[in-house]
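Data block below; observations after.
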Amino acid sequence: MKGQVQKVVVLLLFVVCLGAIFLCLPRDFEKTMGGGFDPERVEKIQVDLLPVGGQAPLGVTLQQGDEEFGKLLALLEKPTYSRTVSKSDEITLGYEVKLSFATSEAWAWQYQFMGGKLVEVGPSGQTKTYQISGGEESQQAILDYLLTLEPEPS
């Protein structure tokens, strides 16, 4: 009886370890967004930049087919994303960045960050925390590009 219990415990530990490994494997941007995300279905991306110092928020909307739209998607696809349970990260970029992705039916996905190594990504209202490869450097590259779009106060 003791031997059977030990085998069951070892099997359960093996299954738990496999699950943890699977959750932590790096994912690409489309899989990270989840909820049936397909860049071809996205018609527009709303960019909101919220300055940390209390200045007015900045915003710009990118439309499918715009050169800027494609460049932003390429920047988001460059890093990989790994699931994490951590929720806290410091604001280190000077802006909180919020991206909202819309189909013809609804604003369906969100992507946001504020520095450090974590991003909140996924279907609207169901985002999950991921660690982005390159951490703050990847986030800074995305923010730098967004600032070149000359967002206006919103």
Point to revise | Pair Leu72-Leu149, side chain to side chain contact (heavy atoms under 4.5 Å, CB included): steps then yes or no | key: CA-CA 10 Å; Leu72 177 56; Leu149 302 176; 5.7 Å; no
**Study point:** Residues in ring pair (Phe, Tyr, Trp, His ring centres under 6.0 Å) contact with Phe101, at least two apart in sequence or another chain
**Key:**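 Ring pair (Phe, Tyr, Trp, His ring centres under 6.0 Å) check on Phe101 returns Phe37.
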Practice item. Under the side-chain hydrogen bond (donor to acceptor under 3.5 Å, both in side chains) rule, collect the residues that match up with Thr103, sequence neighbours excluded. Key: Glu105
Practice item. Identify which one of Leu58, Leu146, Leu50 satisfies the side-chain contact (heavy atoms from CB on, under 4.5 Å) criterion when paired with Tyr95. Key: Leu58
How long is the gap from [atom1] on [X] to [atom2] on [Y], to the nearest 0.5 Å?
X      : Y      : atom1 : atom2 : answer
Thr92  : Met114 : OG1   : CE    : 9.0 Å
Glu137 : Ile132 : CD    : CD1   : 10.5 Å
Leu147 : Ile142 : CG    : CD1   : 12.0 Å
Phe69  : Ile45  : CZ    : CD1   : 4.0 Å

Hey, can you pull the donor-acceptor pairs under 3.5 Å for the side chains in residues 59-67, sequence neighbours left out?
| residue | atom | partner | partner atom | Å |
| --- | --- | --- | --- | --- |
| Thr61 | OG1 | Gln46 | OE1 | 2.4 |
| Gln64 | NE2 | Pro39 | O | 3.3 |
| Gln64 | NE2 | Val42 | O | 2.8 |
| Asp66 | OD2 | Gln63 | N | 3.0 |
| Glu67 | OE2 | Lys71 | NZ | 3.0 |

Point to revise | Leu93: side-chain contact (heavy atoms from CB on, under 4.5 Å) partners, not counting sequence neighbours | key: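 Only Phe113, Glu136, Gln139, Gln140, Leu143 meet the side-chain contact (heavy atoms from CB on, under 4.5 Å) criterion with Leu93.
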Exercise for review: Using the side chain to side chain contact (heavy atoms under 4.5 Å, CB included) rule, take Tyr145 and Glu68 through it: C-alpha gap first, then chi angles, then the decisive distance, then the call.
Suggested key: CA-CA 9 Å; Tyr145 177 69; Glu68 295 85 1; 3.3 Å; yes
Practice item. Could you tell me whether a side-chain N or O of Ser138 sits under 3.5 Å from a main-chain N or O of Ser133, the two making a donor and an acceptor? Key: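 Yes; at least one donor-acceptor contact below 3.5 Å.
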Taking distance alone, no hydrogens or angles, what donor-acceptor pairs closer than 3.5 Å link side-chain atoms of residues 122-129 to residues at least two apart or in another chain?
| residue | atom | partner | partner atom | Å |
| --- | --- | --- | --- | --- |
| Ser124 | OG | Trp107 | O | 3.1 |
| Ser124 | OG | Ala108 | O | 3.4 |
| Ser124 | OG | Trp109 | N | 3.4 |
| Thr127 | OG1 | Glu120 | OE1 | 3.2 |
| Thr129 | OG1 | Lys87 | NZ | 3.1 |
| Thr129 | OG1 | Glu120 | OE2 | 2.2 |

Exercise for review: Please list, chain by chain and in numerical order, all residues satisfying salt bridge (Lys or Arg N to Asp or Glu O under 4.0 Å) with Glu152, sequence neighbours excluded.
Suggested key: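 Residues passing salt bridge (Lys or Arg N to Asp or Glu O under 4.0 Å) with Glu152: none at all.
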**Study point:** Heavy-atom side-chain contact between Phe29 and Leu73 under 4.5 Å
**Key:** yes
Review point. Under 4.5 Å between any side-chain heavy atoms of Gln110 and Lys98, yes or no?
Key: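 Sidechains of Lys98 and Gln110: no contact.
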